[in-house]
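Below is one structure; the comments refer to it alone.
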Amino acid sequence: MTKPLNIGMIGYGFMGRAHSNAYAKVNHFFDLPMRPALKAACARDTAKIKAFADKWGYESTETDWRKLVERKDIDAIDICVPNNLHKEIALACAANKKMILCEKPLAMNGAEGKVMVEAVEKAGVPNMVWYNYRRVPAVTLAKQLIDEGKLGRIFHYRAKFLQDWTINPELPQGGTGLWRLDVGAAGSGVSGDLLAHCIDTALWLNGDMSTVSAMTETFVKERKHNLTGKVEKVGIDDACIFYGRFDNGSLANFESTRYARGHKALYTFEINGEHASICWDLHDLHRLQYFDHRDQGMTRGWRDIHVTDGDHPYMGNWWVPGLQIGYEHSFVHQVADFINGLASGKPAQPTFRDAQRTGLVLDAVLESAKSGKWVNVQKA
Ligand code: SOE
């Protein structure tokens with residue numbers, strides 16, 4: 001029998017569903033030495049967590065995360081709650097020797113992240129942060145092409161994450177579903193929520209960043225707060241644009257906003273190297289655009305790679321060539337990699353330490369937006 005990996009899930013929102021789905025499916029498609037067992041789901045609202053547990057097949061429920069973290073029958077805790085709770089829960093997990101799979105961003109800021117990295121490393125507990133887009137096969141293929149040197153020297157890295165769901169000034173902030181608008185719960189706005197993804201992918205594909213210059217804007221300055229019932233100042237950034245330099249000498253150009261009418265989750269990146277360029281687009285996530293200047297002149301042009309062949313990353317585990325997969329599969333891949341990392345002793349990335357690099361870029365971006373000056377990125 002495959003060994004169980006007993007999961008305790010904290011939270012039941014969008015990410016609670018995405019991760020639960022991954023735990024449930026992963027062994028159907030990947031040959032792994034362990035099988036996630038959905039042991040317990042936890043949230044304050046008894047009725048809601050019972051309904052969630054029932055729907056996704058969790059064996060039991062808890063309404064106090066501290067109890068869950070202390071349970072002897074749990075191996076790994078999945079933190080799927082607003083960002084302001086990540087640190088406290090992660091520290092308790094480390095103290096109780098639980099593995100941790102933490103939703104992104106790792107923490108509210110770099111200072112919190114540092115404490116979390118130290119705690120998990122001191123306790124020696126396996127840890128990972130859910131930057132899932134690394135495991136979209138087309139993005140993983142981009143990584144392979146870059147690592148093989150196909151692009152040569154990199155000149156430009158351009159990324160955007162555009163949404164449009166907060167344009168309505170009547171939309172409240174705070175509470176279930178809307179905590180991302182509440183600076184007290186989220187720490188920041190689009191920078192921590194959306195740019196965090198772009199930065200994680202960029203650091204993975206193109207290495208560390210040294211310096212940034214940013215600007216942010218909050219278009220709607222006040223919103224009703226769902227928890228207090230009062231109209232309160234909005235503390236998050238609604239939009240953030242920044243430039244920067246990578247350690248390899250290439251230039252960074254990043255933008256994210258929730259005010260790009262018509263765009264729902266348009267995460268795109270483009271990388272320009274001396275020999276070749278790569279483009280990727282979340283709305284068409286199973287494709288990778290590739291241009292190679294070394295191709296024969298007459299037929300040189302952008303290739304539209306349908307990333308569905310058996311030799312493409314992860315794809316040999318799914319259907320047959322030509323049949324694409326989607327968003328939820330990136331989470332399945334991340335669980336598979338986490339389990340293989342436990343077995344091999346080579347931890348799946350990003351660990352807390354790796355994700356802290358993104359946190360430090362975010363700190364520099366927000367500081368630069370505030371001061372109007374270029375800011376150096378601290379080294380993790
Ligand atoms: C916000 O709308 C959001 O759901 C983010 O929180 C996720 O991290 C991102 O992947 C999609 O957009």
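Note that ligands are numbered from 1 as they come in the structure, with each ligand's atoms numbered from 1 the same way. If you're wondering where the values come from, they're calculated on a predicted model, not measured in any experiment.
Proximity to W165 (heavy-atom distance under 4.0 Å) selects the following atoms of ligand 1: 2 (O). Each of the following atoms of ligand 1 lies closer than 4.0 Å to a heavy atom of Y133: 9 (C), 10 (O), 11 (C). The atoms of ligand 1 that sit less than 4.0 Å from any heavy atom of F14 are 4 (O).
Between F30 and W318, the angle of the ring planes goes over 60°, which puts this pair in the perpendicular group of the 30/60° scheme.
Across all non-hydrogen atoms, the minimal contact from R258 to L181 is NH1-CD1, 4.4 Å. What you find for A119 and A94 is that their closest heavy atoms are O-CB, 3.8 Å. Taking each heavy atom of M116 and L91 in turn, the nearest pair found is CA-CD2, 4.2 Å. Smallest separation of non-hydrogen atoms from W179 and A186: O-CB, 3.8 Å.
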Item to complete: Apply the test salt bridge (Lys or Arg N to Asp or Glu O under 4.0 Å) to residues D164 and K264: give CA-CA distance (whole Å), side-chain angles for both, the deciding distance (0.1 Å), then the verdict.
Response: CA-CA 6 Å; D164 72 352; K264 305 303 168 188; 2.9 Å; yes
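The nearest heavy-atom contact from the protein to atom 2 (O) of ligand 1 is Q163 NE2, 3.1 Å. If you check which protein heavy atom lies closest to atom 5 (C) of ligand 1, you get D193 OD1, 3.2 Å. At the shortest separation from atom 8 (O) of ligand 1 among protein heavy atoms lies H197 NE2, 2.7 Å.
At least one heavy atom of R180 lies less than 4.0 angstrom from ligand 1. Residue contacts with ligand 1 leave out Y267, since none of its heavy atoms falls under 4.0 Å from the ligand. Heavy-atom distances between K104 and ligand 1 reach below 4.0 Å in at least one pair.
We find that K224 and E170 are not joined by a salt bridge, their nearest charged nitrogen and carboxylate oxygen being 4.0 Å or further apart.
Considering backbone and side-chain N/O of E103, none are found under 3.5 Å from N/O of ligand 1. The distance criterion of under 3.5 Å between nitrogen or oxygen atoms is not met by N132 with respect to ligand 1.
With T351 contributing its side chain and D354 its backbone, the two residues share a donor-acceptor pair below 3.5 Å.
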